[in-house]
Protein chains: 2
Amino acid sequence: MLQESPLSPTFSPLYRQIKRLILQGLESGEWRPGELIPSENELAARFNVSQGTVRKAIDEMAAENLLLRRQGKGTYVASHNDDDPHVSFRFLRLVPENGKLEPSQSVPLECWRAKAGLEVSRTLGIKPGAPITIVRRLLKFGAKPVVVEEIYLPGETFDGLSLEILQEYQGSFYGLLESRFGVRMIRAEERLRAMAADRASAALLGVAEGAPLLSVERVSYTYGDRPVEWRRGLYSTADYYYMNELN
Amino acid sequence: MLQESPLSPTFSPLYRQIKRLILQGLESGEWRPGELIPSENELAARFNVSQGTVRKAIDEMAAENLLLRRQGKGTYVASHNDDDPHVSFRFLRLVPENGKLEPSQSVPLECWRAKAGLEVSRTLGIKPGAPITIVRRLLKFGAKPVVVEEIYLPGETFDGLSLEILQEYQGSFYGLLESRFGVRMIRAEERLRAMAADRASAALLGVAEGAPLLSVERVSYTYGDRPVEWRRGLYSTADYYYMNELN
DNA sequence: GAGTGGTCTAGACCACTCC
DNA sequence: GAGTGGTCTAGACCACTCA
């Protein structure tokens, strides 16, 4: 493996360069979510570095949930589908107030096309007026509606998404985006606020108009820190709360 | 370093045993927050393992914000005091709506002693009726009050805490607990809900009674996963929002 | 220049999976 | 038994800090 001079201003250690190369394999689709990537020895041979250097690159990527190691089997590309089916909502932080874990269910309400306004275009990094797809859905725990959300997606990337597809698909939303459109979400930022329920949301969630709701705005990113989803959810936090771990 | 048989049911790799040993050094106070711990070579010699094994143990602890490595200088015990003074609120996730970062200021309002009720005793792992200390304070950004919170602390651990001390101390609350009482917070869990402002909080925050507020309950843990703080804050999220990163 | 952490290598052996 | 990731070692050299 050739390495730039350590004196170069753009210097980065070998294992980070290897990490970049593996990342390119993920971005280019050479290895797709759920698939096995070559063994550490193979990658070491391919990149002309030692196995330990490949290992360190993969270590970091596994810590970032990009790869998944399984002893004796190999290293897999992380996927929203192969996850534990119970925890298939990897980014959802809702926890029941009374420990009772009711089965969750996503209820798609609407799905339509529109043109990006200024705010959406900025957050998604597309042109104002570019086509977008909007999904409106409800999240239920047992029979209880707990979240109502609107999801904004760049139309080109997710061309063909429809209410039917959403209704048919078994599994998580991100699982669908991944297997059907080849876009994997790897990271997200959420902005939380408290706000009063508007009439429509109140009706859907079964709370009084003006009741305090938790507003959760999320921007999700795929490889290369490219934002590909903006959503805004209103959470009814009477029976479920938003759990967060700080380190 | 002696190592149990790999066949033992309680087997853990060498570097984790080393990690345990270093952790014990932190818990026992052998190395205190902000201090330098022995070099990797010294620790390797002391524990009779190779330097690489010590390195892997420290790697994990640095990733968990227990230790802080500085090339050329050494490895330090992480501290809430040595942190970047701007970011001295390590667990505070509030971000201004309009990018303008106003200087934050903690205003202690009250500090009194009480006996633990059932809920507090459970969360703090102390006996019901055991002495606790309660702090009430306000968090301001610039002139704007944004958070009002009540903090419940086990009285024995933080014996002597008073309003005066709180008012005198320059620096973060956790910095105070650390330098004055030798208790370092390493991790916390937060439970978020939306709720309506009661009259007292509304007055303190300068919002209308019944206005939606973000309720943030936090349990903080010190070494050994021992809970030593329970607090409940009400956040006014008109000009600031709660930011969270998901991975 | 001495001492620290940071990177890279090479090789040995272990634990797990699958055939 | 062959192949995978997981651990451990030993040694070399680099980058940074401080005296």
Side-chain angles (χ1 to χ4, degrees), chain A residues 1-22 25 31 34-78 82, chain B residues 1-22 25 31 34-78 82:
Chain A
M1 175 90 196
L2 278 183
Q3 152 118 337
E4 326 157 42
S5 149
L7 298 176
S8 156
T10 62
F11 166 78
S12 79
L14 241 192
Y15 73 88
R16 281 205 194 276
Q17 300 177 44
I18 303 301
K19 189 179 168 186
R20 260 268 113 233
L21 291 171
I22 299 176
W31 310 303
E35 287 181 7
L36 206 52
I37 71 169
S39 76
E40 296 180 352
N41 280 320
E42 264 176 82
L43 290 172
R46 173 188 313 194
F47 297 136
N48 262 298
V49 297
S50 81
Q51 189 247 16
T53 300
V54 170
R55 172 154 269 272
K56 186 149 188 185
I58 292 180
D59 273 348
E60 281 201 3
M61 298 178 73
E64 295 167 22
N65 292 311
L66 296 174
L67 296 176
L68 189 64
R69 326 183 80 140
R70 289 203 228 170
Q71 186 171 155
K73 304 182 83 169
T75 301
Y76 295 81
V77 181
D82 67 4
Chain B
M1 174 92 198
L2 278 183
Q3 152 117 338
E4 326 158 42
S5 148
L7 297 175
S8 156
T10 62
F11 166 78
S12 77
L14 242 194
Y15 73 88
R16 280 203 195 276
Q17 300 177 43
I18 302 301
K19 189 179 167 186
R20 260 268 113 234
L21 291 171
I22 299 176
W31 310 301
E35 287 180 7
L36 206 53
I37 71 169
S39 77
E40 296 180 351
N41 280 320
E42 265 177 82
L43 290 172
R46 172 189 312 195
F47 297 137
N48 262 299
V49 298
S50 80
Q51 189 248 17
T53 300
V54 171
R55 170 152 271 270
K56 186 150 188 183
I58 293 180
D59 274 347
E60 282 201 3
M61 298 178 74
E64 294 167 22
N65 292 312
L66 296 174
L67 297 176
L68 187 66
R69 327 182 79 138
R70 289 203 229 170
Q71 186 171 157
K73 303 183 83 169
T75 301
Y76 295 81
V77 181
D82 67 5

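Note that the structure is a prediction, hence the values are computed from the model and not measured. The basis for the numbers below is simple: all heavy atoms, side chains too, and nothing from hydrogens, waters or symmetry mates. Residue numbers begin at 1 in each chain, while the letters A, B, ... track the order of the sequences.
Look at CD on Gln51(A): it is 10 Å from C1' on dA10(C), rounded to the nearest Å. Counting to the nearest Å, the P atom of dT7(D) and the CG atom of Asp59(B) are 12 Å from each other. Distance Asn48(B) CG to dT9(D) C1': 13 Å, rounded to the nearest Å. Separating the NZ atom of Lys19(B) from the P atom of dT7(D) is a distance of 12 Å, rounded to the nearest angstrom. One interatomic measurement links the two molecules: CD1 of Ile37(B) to C1' of dT4(C), which rounds to 12 Å at whole-angstrom precision. Spacing between atom CG of Asn41(A) and atom P of dA2(D) amounts to 16 Å, rounded to whole angstrom units. For the pair Glu42(A) CD and dG3(D) P, the interatomic distance rounds to 11 Å; values are reported in whole Å. Taking atom CZ on Arg70(B) and atom C1' on dT17(D), their separation rounds to 11 Å, with Å as the unit.
Not one side-chain nitrogen or oxygen of Lys73(A) sits closer than 4.0 Å to the OP1 or OP2 atom of dG3(D). Put simply, Arg69(A) has a side-chain N or O that comes within less than 4.0 Å of OP1 or OP2 on dG6(D). The shortest distance between the side-chain N/O atoms of Thr53(A) and the OP1/OP2 oxygens of dT9(C) is below 4.0 Å. In this structure, Arg55(A) does not reach the dG5(D) phosphate: none of its side-chain N or O atoms is under 4.0 Å from OP1 or OP2. Under 4.0 angstrom from either OP1 or OP2 of dG5(D) there lies at least one side-chain N or O belonging to Thr75(A). In this model, the phosphate group of dT4(C) is approached by a side-chain N or O of Ser39(B) to a distance below 4.0 Å at OP1 or OP2.
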Checklist entry - After noting the C-alpha distance and the side-chain angles of Leu14(B) and Phe47(B), does the key distance pass the side chain to side chain contact (heavy atoms under 4.5 Å, CB included) rule? => result CA-CA 10 Å; Leu14(B) 242 194; Phe47(B) 297 137; over 6 Å; no

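To the nearest 0.5 angstrom, Lys19(A) atom NZ is 10.5 Å from Asp59(A) atom CG. Put simply, CD1 on Ile37(B) and CG on Leu43(B) are 5.5 Å apart, with the number rounded to the nearest 0.5 Å. Distance check, rounded to the nearest 0.5 Å: CZ of Arg16(A) to CZ of Arg20(A) gives 11.5 Å. Taking OG of Ser39(A) as the start and CD of Gln51(A) as the end, the distance is 8.5 Å to the nearest 0.5 Å.
The minimum heavy-atom distance between Tyr15(A) and Ala57(A), with the atom names listed, is O-CB, 3.3 Å.
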Checklist outcome for this item: Writing each nucleotide of DNA chain C 5' to 3' as (, ), [, ], | or . by Watson-Crick or G-U pairing under 3.5 Å yields ||||||||||||||||||.

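Looking at Ile18(A), Thr75(A), Thr53(A) one by one, the single match for side chain to side chain contact (heavy atoms under 4.5 Å, CB included) with Ile58(A) turns out to be Thr75(A).
Each of Arg16(A) and Gln71(A) lies near DNA chain C, and the nucleotide nearest Arg16(A) is the one positioned closer to the 5' end.
For Leu14(B), counting side-chain heavy atoms from C-beta on, the closest listed nucleotide (dC8(D), dT7(D), dT7(C)) is dC8(D).
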